[in-house]
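Taking it in order: structure first as structure tokens, then the write-up.
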Amino acid sequence: MLAWYDGAARVLPWRAPPGSAPPDPYRVWLSEIMLQQTQVATVIPYFERWTARWPDFASLAAADDAEVMSMWAGLGYYARARNLLKGARAVVAEHGGRLPDTEAALLTIPGIGPYTAAAIAAIAFGRRAVVVDGNVERVVARLFAIPTPMPAAKPAIRAATDTITPDTRAGDFAQAMMDLGARICTPRSPKCLFCPIAAGCTARIEGEPERYPVKAAKKARPLRQGTMFWLTNANRVWLVRRPDKGLLGGMRALPTGPWEAEPPVLADAPTAANWRMLDTVATHGFTHFELVCALAAARWDGQTALAPGEWWPIADLESAGLPTVFAKAARLFREDGACGG
DNA sequence: GAGTCGTGGGT
DNA sequence: TACCCAAGACT
């Protein structure tokens, strides 16, 4: 694997060349958080903007919370951004501004779990650590043809990974396994002809490498419905801030009622007004449900009471840092020509 | 162990 | 198209 990696490693902004000195721990940490459940190509532009704005732990720890959330907008899983800020502040306050170099200490930092702790220890500090992410799970499940369905197979996969992890260059080994999983040992149509370890792969010898890792059938995503509100005042629109915990926590948003199985009502509007329903609806797929939102537009009369929020210039809505579901809805309101849009 | 938590790319 | 899934963590 290391020999293959020496010649085939992807060049990435947070990565050092194979066999060279470890990269900046801050950049390793940031990239690992951004890469959780997120593909490399999606992360790269966010990583570049982020490091230009906050190049180290000290600058990030001193950053404004709202600006951090806005910079993360569109990347998803927003708890990562909240924990990233907590993590940077913990590193400054409790570790002298430098990331600790052991897995156990790394695990105490918000946002760092078993995978990320092992990855940072190996990649940024050159320690031997058993790094198991989704790529490694797939490669190892195939290499050893592990028949146990996920997630029950996780302990066996970790044990098997331990047996093939080298004592030196564990970081390069981990990155080699992840590159292999991302480019060759892919979930569907693995390219075994280009695989450096195909000769020892039990799943390939069996003839159906795609069968691994074995997974149980998953259930269908339920439908949820709701209403989003577009309240305007001159050339501005009313935005709210969502509660810190839960779905899209801490993010700027359009006012919305709850998202539930039942059809929506207008009772959750941000203010009393002559709401006009648009002809179109906004749809968006989340991890565990599908959302269909009715769209209601109105002008504020300058009199009725408003819950906490802020007027935002419609022409500058791109800088509000709206999650994608709200950015999509905002586009529909503006295309409709709704009041002020 | 199971549910929650986004979004975009690939097929 | 509809579905799968990604360098997981947290509760």
Side-chain angles (χ1 to χ4, degrees), chain A residues 9-10 12-15 27-47 69 72-84 86-87 106-124 129 131-139 149-155 158 161 171 173-183 185-191 210 213 215-222 224 242-251 253 259 283-291 321-328:
Chain A
R10 287 180 290 182
L12 301 172
W14 49 84
R15 183 180 271 185
R27 295 167 67 88
V28 174
W29 167 73
L30 176 62
S31 70
E32 290 299 342
I33 303 294
M34 286 186 165
L35 285 163
Q36 289 168 5
Q37 298 291 285
T38 309
Q39 295 183 349
V40 165
T42 303
V43 164
I44 288 175
Y46 281 86
F47 181 87
M69 298 311 291
W72 196 276
L75 197 53
Y77 283 138
Y78 299 98
R80 292 184 295 173
R82 301 194 297 273
N83 287 331
L84 196 66
K86 285 184 197 169
L106 287 163
L107 274 171
T108 67
I109 295 172
I112 297 183
Y115 159 75
T116 305
I120 294 174
I123 296 170
V131 181
V132 183
D133 76 324
N135 288 304
V136 176
E137 278 182 353
R138 185 171 55 257
V139 171
M150 296 295 288
K154 282 177 179 288
R158 191 196 186 279
T161 307
F173 176 76
Q175 294 179 96
M177 293 287 279
M178 293 189 276
D179 275 17
L180 187 71
R183 298 162 60 187
C185 195
T186 49
R188 283 175 286 190
S189 306
K191 297 147 190 70
E210 296 176 75
K215 295 187 178 179
K218 54 184 59 180
K219 48 183 167 184
R221 290 187 304 179
R224 290 192 196 174
R242 294 177 63 85
D244 277 332
K245 296 200 170 188
L247 187 71
L248 307 170
M251 301 300 290
W259 296 341
T283 64
H284 191 74
F286 288 92
T287 307
H288 52 296
F289 66 91
E290 187 74 23
L291 178 69
L322 293 178
T324 298
V325 61
F326 297 112
K328 283 161 75 173

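We name chains A, B, ... by the order of the sequence lines, and we start the count at 1 in each one. For clarity, every value in this text was computed on a predicted model and none was experimentally measured.
Residue A:Tyr78 contributes atom OH, which lies 15 Å from atom C1' of B:dT4 at whole-angstrom precision. The separation between A:Ile120 atom CD1 and C:dG8 atom P is 13 Å, rounded to whole Å. In this structure, the CE atom of A:Met150 is 13 Å from the C1' atom of B:dG1, given to the nearest Å. We find that CD1 of A:Ile33 is positioned 12 Å from C1' of C:dC10, with the value rounded to whole Å. Summarising the geometry, the separation between CE on A:Met34 and P on C:dA6 is reported as 20 Å, rounded to the nearest angstrom. Rounded to an integer number of Å, the gap from CZ of A:Arg138 to P of C:dG8 is 10 Å. Regarding A:Trp72, its CH2 atom lies at a distance of 12 Å from the P atom of B:dG6, rounded to whole Å. Computed from coordinates, the A:Asp133 CG to C:dA9 P distance equals 10 Å when rounded to whole Å.
If you check every strand for non-hydrogen atoms under 4.0 Å, A:Gly181 touches nothing. A:Lys219 comes within 4.0 angstrom of the backbone, heavy atoms only, and of no base. Nucleic acid contact class of A:Thr324 (heavy atoms, under 4.0 Å, all strands): sugar-phosphate only. Residue A:Gly249 is out of contact with every strand shown, counting any heavy-atom pair closer than 4.0 Å. Note on A:Leu12: a base of the nucleic acid sits closer than 4.0 angstrom, heavy atoms only. Nucleic acid contact for A:Arg82: none, since no nucleic acid atom lies under 4.0 Å from a heavy atom of the residue. Nucleic acid contact class of A:Val131 (heavy atoms, under 4.0 Å, all strands): none.
The aromatic ring centroids of A:Phe286 and A:His284 lie less than 6.0 Å from each other.
Counted by atom type alone, A:Gln36 and A:Arg80 present zero donor-acceptor pairs between their side chains at under 3.5 Å. For the residue pair A:Tyr115 and A:Glu32, a side-chain donor N or O sits within less than 3.5 Å of a side-chain acceptor on the partner.
For the C1' atoms, the distance from B:dC5 to C:dC5 is 15 Å, rounded to whole Å. Only the C1' atoms considered, C:dG8 is 16 Å distant from B:dG1, to the nearest whole Å. Between the P atoms of C:dA7 and B:dG10, the separation comes to 12 Å (whole Å).
Among A:Tyr46, A:Phe47, A:Trp29, the single residue meeting the ring pair (Phe, Tyr, Trp, His ring centres under 6.0 Å) criterion with A:Trp14 is A:Phe47. Residue A:Thr161 is tested with A:Val132, A:Val139, A:Val131 for a side chain to side chain contact (heavy atoms under 4.5 Å, CB included); the sole match is A:Val132.
Residues A:Lys215 and A:Val132 both approach DNA chain C. Their nearest nucleotides, taken by heavy-atom distance, put A:Lys215 toward the 5′ side.
Residue A:Arg183 places no side-chain atom within donor-acceptor reach of the base of C:dA6, judged by atom type and a 3.5 Å distance cut-off alone. For B:dG6, the base has a donor-acceptor partner in the side chain of A:Thr287 [N/O atoms by modelled type, under 3.5 angstrom].
Each of C:dA7, B:dG6, B:dT4 was ranked by its minimum atom distance to the side chain of A:His288; first place goes to B:dT4.
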